[in-house]
Number of protein chains: 4
Amino acid sequence: MNLTINRELTPRAEKRRKEVIAAALRVFSKVGYANAKIDDVSEESGAAKGTVYLYFDGKEELFKAVLRETMLPVLEEVEGMVFEPNASAADRLRAQFEFFYSRVMKEERRQVMRLVIAEGPNFPEVKEFYFNTILLRALTAIRATIDFGIERGEFRKPEGEFYTKAVMGSAILASVWKTVFDDFLPLDTEAFAQTHIDLVLNGLRVRE
Amino acid sequence: MNLTINRELTPRAEKRRKEVIAAALRVFSKVGYANAKIDDVSEESGAAKGTVYLYFDGKEELFKAVLRETMLPVLEEVEGMVFEPNASAADRLRAQFEFFYSRVMKEERRQVMRLVIAEGPNFPEVKEFYFNTILLRALTAIRATIDFGIERGEFRKPEGEFYTKAVMGSAILASVWKTVFDDFLPLDTEAFAQTHIDLVLNGLRVRE
Amino acid sequence: MNLTINRELTPRAEKRRKEVIAAALRVFSKVGYANAKIDDVSEESGAAKGTVYLYFDGKEELFKAVLRETMLPVLEEVEGMVFEPNASAADRLRAQFEFFYSRVMKEERRQVMRLVIAEGPNFPEVKEFYFNTILLRALTAIRATIDFGIERGEFRKPEGEFYTKAVMGSAILASVWKTVFDDFLPLDTEAFAQTHIDLVLNGLRVRE
Amino acid sequence: MNLTINRELTPRAEKRRKEVIAAALRVFSKVGYANAKIDDVSEESGAAKGTVYLYFDGKEELFKAVLRETMLPVLEEVEGMVFEPNASAADRLRAQFEFFYSRVMKEERRQVMRLVIAEGPNFPEVKEFYFNTILLRALTAIRATIDFGIERGEFRKPEGEFYTKAVMGSAILASVWKTVFDDFLPLDTEAFAQTHIDLVLNGLRVRE
DNA sequence: AATGAATGAGATTTCATTCAT
DNA sequence: CATGAATGAAATCTCATTCAT
């Protein structure tokens, strides 16, 4: 039985809970789900081991809570991923890319994406939640912009139906690269974003 | 200490060893490193648990051997990633993409990539091996083609220095998507590849 | 990493730890290091197997802790192995012998000596600790007494430099004998000690 | 079932068997019974693991065979531990000591004594065999000499009944020391023997 | 609410022994 | 006779979870 479900937490308890979540994210990000020990979370958060169990019904629930609550702010931002009313499709797409690279790919969130890739197969609920809540929504927003450009004749329609993913793909590479290979060959996110945008806008531009 | 290092294996032993590696790849791919039990590998391979330890110095060594030896065939293919002598840069790039999508992204190898992304942080050696042996080599081959196109005036030079990664990025997305999200929203690799190529070639083409 | 190192134990934990040490000494003494199972220690101590690992980083560390902490009281006694101020060298030596036979050779400590002899080669740290902490100190105390006797003309100086060991040697025999052969041919420690003292004092006495 | 019992070995087999015994003694001496792996014996001897089992019914039997057959030459020497017919008791005792230190305490045999001390409690048969075959016989020979000296008025009778052991004790110390502590503080066996003899002969000499 | 000592199921690992070749 | 690959019982060790304080 867990308080989370039964009743409101006192402000103090709420603070404790947040601290545990934050600590858990750090630990999971660093070593992955399986390698993370509840002891580590306990130590990292400053709470005793028993306290972790006071707020979460076990390791798996803690993991799911971490991902869920770490994604919420992202979700809110993605929601507000609006575009300038009087801007060209290119400007709108550029704005969305810049939003993605500057906000979504921040350290913490990159780690979440890696966790989803790494642990997804073992946690279908996590995968589904991430897919529906974040991924689909983001892709839909991007697609809306591209289709807007196509309709007004600014963009050509690329081959096939998967052009949104093909357009966004390199952002995934950037995210994975920074998480996994950055210590071998560092990637300048800023510069990479510019190249990516440059390539995509040229790729979508209509040919005379 | 392990026989692997000290001396040649008899053909029979070599066969056994290969069977264990193959079984282990299946198990690791399915459930990840931490979730894989030596018992599973033993059962999957038909060998007794002790036999696994006869050929590998423990779970970690087995994992590293699996990745190492599963990458070798990829490496050989990447090595042979040649191009037509009298073809345009666009044709060469198209050939390389098609090679990548049809060969490198096969089920088994996709799983390896996911394992590297997922477990890389916990296994620096694996990461380094994968980075140097596969990734760097593949990127170098692609870059050679793009630079060839730029030199002969067929391609424009994209902004920044990371254009190779920006060009290849979506292939990573495809790989990750198929491994993680394909059961929610399936991705037709063939069609995706065509869109990706279409977009990239247009993105690189010089503007009149 | 282990709590033992990082912080003070609560009194309750300290008590538990002591119980495990005591149980482990009994088990190791009875069957030797290699034959002792952590399960045995667990059962003997009344603590669960996991509890043993809570306090010690594995079997080897447990073993070393057992010897270390079992020797400490001996050390303290050896430290206090003082002599009567106005007594003859013979009286002092007799007192030291009697101390050794009655205190140091008690059941428990005899077992420790056997453990050191048996496992020493496999545990250099144990050997070194025992050597420096117990053996060297005891030999130094004995030597001081003999040299005192030589200086005041009460003892003759025996040949060579190893007379301290030669004087003490039979005590080792007694210890080993009682541990290994006592069930075949029992040794009366008390009586043996008297013979040993008698022989040594006569051996050291100056000839007219 | 084992050939040893059933029939004579061919000379070639006999040679093989001896090689295994010799290798096993080296291995057991180095790491003790429990730590010794049949694989080690196999490697050390040059014979395959299966071959070891061809000659011995398992690890325990091999251990017992090693001790038994390593002691036989000692036994023969102890048997011949005669004394000069027309010598004094002191000369006879001195001869016996010198015999002991120069012959019995050789490297190999010292190791056997340590093995008996270390593993004795776990191998009652070994202990008994060693006790009856070696120890008792040696003690009896020494005692005969001392009693001879007492009878002819050359030695005084020491207190108690354990004087033989008290007389021989330091030899045990020397043996143990060399095996266990020699790398910390080396013991010159030759010199130690002289001190031991000097001390004992003085200890036994009648007082005027 | 909070603690952290205690637990034990379940994992990894070892190695004496067997047996097909 | 000899081999060494294969086995699996038995050991060590891990860590999520519980619960008395």
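Atom set for the values below is all heavy atoms of this structure, side chains included, hydrogens, waters and symmetry mates excluded. First the proteins, then the strands, lettered A, B, ... as listed; each starts at 1.
Within the 4.0 Å cut-off from OP1 or OP2 of F/dG4, not a single side-chain nitrogen or oxygen of B/Arg16 is found. Within the structure, every side-chain polar atom (N or O) of A/Tyr55 is placed at least 4.0 Å from both OP1 and OP2 of E/dA1.
Between C/Arg17 atom CZ and E/dG4 atom P there is a gap of 19 Å when expressed in whole angstrom units. In this structure, D/Glu19 atom CD and F/dA2 atom P are separated by 10 Å, rounded to whole Å. Note: CG (B/Asp40) to P (E/dG10) measures 14 Å, nearest angstrom. A straight line from CG of A/Leu62 to P of F/dC15 spans 16 Å, rounded to a whole angstrom. The CD-C1' distance, from C/Glu43 to F/dA11, rounds to 15 Å in whole Å. Rounded to whole Å, atom P of E/dT12 lies 15 Å from atom CD of B/Glu61.
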Please report the C-alpha distance between C/Thr51 and C/Ser42 in whole Å, then the side-chain angles of each, then the deciding distance to 0.1 Å, and finally whether the side-chain contact (heavy atoms from CB on, under 4.5 Å) criterion is met.
-> CA-CA 8 Å; C/Thr51 305; C/Ser42 154; over 6 Å; no
For the pair A/Asn35 and A/Asp40, evaluate side-chain contact (heavy atoms from CB on, under 4.5 Å) and give the outcome as yes or no after the intermediate values.
-> CA-CA 10 Å; A/Asn35 249 10; A/Asp40 300 341; over 6 Å; no
Take C/Val20 and C/Phe56 through the side-chain contact (heavy atoms from CB on, under 4.5 Å) test and state the conclusion after the steps.
-> CA-CA 10 Å; C/Val20 172; C/Phe56 306 95; 3.7 Å; yes
Scan nucleotides 13-21 of chain E nucleotide by nucleotide, 5' to 3', and note B when protein non-hydrogen atoms come under 4.0 Å of the base, S if they reach only the sugar-phosphate, - if neither.
-> BBSSBB---
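Counting all heavy atoms, side chain and backbone alike, B/Val27 lies closest to B/Ala36 at CG1-CB, 3.6 Å. Residues A/Val41 and A/Val52 share a closest heavy-atom pair of CG1-CG2, 4.5 Å.
A cation-pi arrangement is present between C/Lys59 and C/Tyr33, with the terminal nitrogen or guanidinium carbon under 6.0 Å from the aromatic centre and inside a 45° cone about the axis.
Using a 4.0 Å cut-off between a side-chain N of Lys or Arg and a carboxylate O of Asp or Glu, B/Lys64 and B/Glu119 do not qualify as a salt bridge. A salt bridge is defined here as a Lys NZ or Arg NE, NH1 or NH2 lying under 4.0 Å from an Asp or Glu carboxylate O, and C/Arg17 with C/Glu69 meets this definition.
Residue contacts for A/Ala13: at a heavy-atom cut-off of 4.0 Å it reaches no nucleic acid atom on any strand shown. Across all strands, C/Thr10 comes closer than 4.0 Å only to sugar-phosphate atoms, never to a base (heavy-atom distances).
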Bracket notation of DNA chain E in which parentheses pair within the strand, [ ] cross earlier pairs, and | pairs with another strand (Watson-Crick or G-U, under 3.5 Å) = .||||||||||||||||||||
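The only member of C/Lys18, C/Arg12, C/Arg16 that meets side-chain contact (heavy atoms from CB on, under 4.5 Å) when paired with C/Glu14 is C/Lys18.
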